[in-house]
Amino acid sequence: MRISHALRLGIGAVAIAIAASTTGCGGGNDAGTGGSQAKDGKLTIGIKFDQPGLSIRDANGSFRGYDVEVAKYVAGKLGVRPADITFKEAPSAQRETMIMNGEVDFVVGTYSITEGRKEKVDFAGPYFVAGQALLVRMTNTDITGVESLNGNRKVCSVKGSTPVQNIKDNYAKDIQLLELDTYSKCVDQLRSGAVDAVTTDDIILAGYAGLAPGELKLVGPTFSVEKYGIGLKKGDRDTREKINNAIEEMVADGSWQRAFETTIGPLSGSTLTPPVVDRY
Ligand code: GLU
């Protein structure tokens, strides 16, 4: 499944998506089947706090979005009720460390499975596949894809992310790269005119475009494949298997599709094929 440049930009309607989703959690409460990490019936899950449609913290402190739905569903299958989940902010650059030092039990946060990260943590999934794209101001006409960033364009992305690495490794010949902690800070820089583009996964950018209809747009095509996994402690095979099972059940019972459609889906303008879980 590729969302890629099929993302329909500027679908303004979008506030909707972001509002969404109290549905679809239905994770079930198979108490007693939880992995070692859920033995006390509680989980601390690392997520993003500022990615509209995917994982956002409201003013009243509640969490919504596609990643939140995935996290709640998986927790349910580990025997943990939504009320017993503590969500902790896991910025891109801190995810491996937070998992390794036990600050979080796992991370559900637009977290690409990579060989480098697999040296430090394990991944269940993938549960979603995205691709790197660009977000620019609606008035911009000369940035049409990653190649057109050359010419000293100012581009913002997030420290410790795969998009930043991809730009550095493959494209940064003549680009001014600004690395911040979160994508929302990059989007602020884009809106103020301080940078010309923000780069990360298309699905993340679609959420920001949706918040600023008529002001920001995605440009494609995508130039990477980002398989989102659920990161957990390296070597905890038992929990990883349980999370993999939960992801498969989420797809099979329709919750996966419903979670997407009631959150970020309306922004993406695409239909989805669930990825196949990789039980490496
Ligand atoms: N999926 C990419 C990554 O894991 C970009 C999104 C993010 O930084 O959360 O690095």
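Side chains included, hydrogens not; waters and symmetry mates left out as well; all remaining heavy atoms used. For ligands, and for the atoms within them, numbers begin at 1 and follow the listed sequence.
Heavy atoms from both the backbone and the side chain of S112 come within less than 4.0 Å of ligand 1. With a 4.0 Å heavy-atom cut-off, ligand 1 is reached by the side chain of D201 but not by its N, CA, C or O. Using a 4.0 Å cut-off between heavy atoms, K227 makes no contact with ligand 1 at all. Heavy atoms of A130 found under 4.0 angstrom from ligand 1: none, in either backbone or side chain.
Aromatic ring orientation, F87 versus F63: tilted (interplanar angle from 30° to 60°).
Set against the non-hydrogen atoms of Y228, the atoms of ligand 1 under 4.0 Å away are 1 (N). Those atoms of ligand 1 that come under 4.0 Å of a heavy atom in Y111, given as number and element, are 4 (O). Close contacts between ligand 1 and G109 involve ligand atoms 9 (O) [criterion: under 4.0 Å to a heavy atom]. Proximity to S161 (heavy-atom distance under 4.0 Å) selects the following atoms of ligand 1: 8 (O), 10 (O). Atoms of ligand 1 found under 4.0 Å from any heavy atom of Y183, numbered from 1 in the order shown, are 5 (C), 6 (C), 7 (C), 8 (O). Listed by number with element, the atoms of ligand 1 under 4.0 Å from a non-hydrogen atom of I204 are 6 (C). Listed by number with element, the atoms of ligand 1 under 4.0 Å from a non-hydrogen atom of S92 are 7 (C), 8 (O), 9 (O). Atoms of ligand 1 found under 4.0 Å from any heavy atom of K48, numbered from 1 in the order shown, are 7 (C), 8 (O), 9 (O).
Distances shorter than 4.0 angstrom do not occur between any heavy atom of V158 and any atom of ligand 1. Between Q132 and ligand 1 there is no heavy-atom distance shorter than 4.0 Å. Taking 4.0 Å as the cut-off, R117 counts as a neighbour of ligand 1 on heavy-atom distance.
Checking only distances, T110 does come within under 3.5 Å of ligand 1, N or O to N or O.
When each of R57, R95, E89 is checked for a side-chain contact (heavy atoms from CB on, under 4.5 Å) with K48, only R95 meets the rule. The residue from N150, L149, I143 that alone fulfils the side-chain contact (heavy atoms from CB on, under 4.5 Å) condition with V146 is L149.
In this model, no donor atom of one side chain and acceptor atom of the other lie less than 3.5 Å apart for S255 and Y73. Between the side chains of E226 and T162, at least one donor N or O lies within less than 3.5 Å of an accepting N or O. Side-chain contact, Y111 with E96: a donor N or O sits under 3.5 Å from an acceptor N or O. Side-chain contact, T44 with E103: no donor N or O sits under 3.5 Å from an acceptor N or O. A donor-acceptor pair shorter than 3.5 Å cannot be found between the side chains of S55 and D67. No hydrogens or angles considered: a donor-acceptor pair under 3.5 Å links the side chains of D201 and Y228.
Salt bridge annotation for K118-E115: present, with a cationic side-chain nitrogen under 4.0 angstrom from a carboxylate oxygen.
Figure legend: R240 and Y280 shown as a cation-pi pair, the cationic atom lying under 6.0 angstrom from the six-membered ring centre and within 45 degrees of its axis.
Scanning T162, T200, L54 for the heavy atom closest to atom 2 (C) of ligand 1 points to T162.
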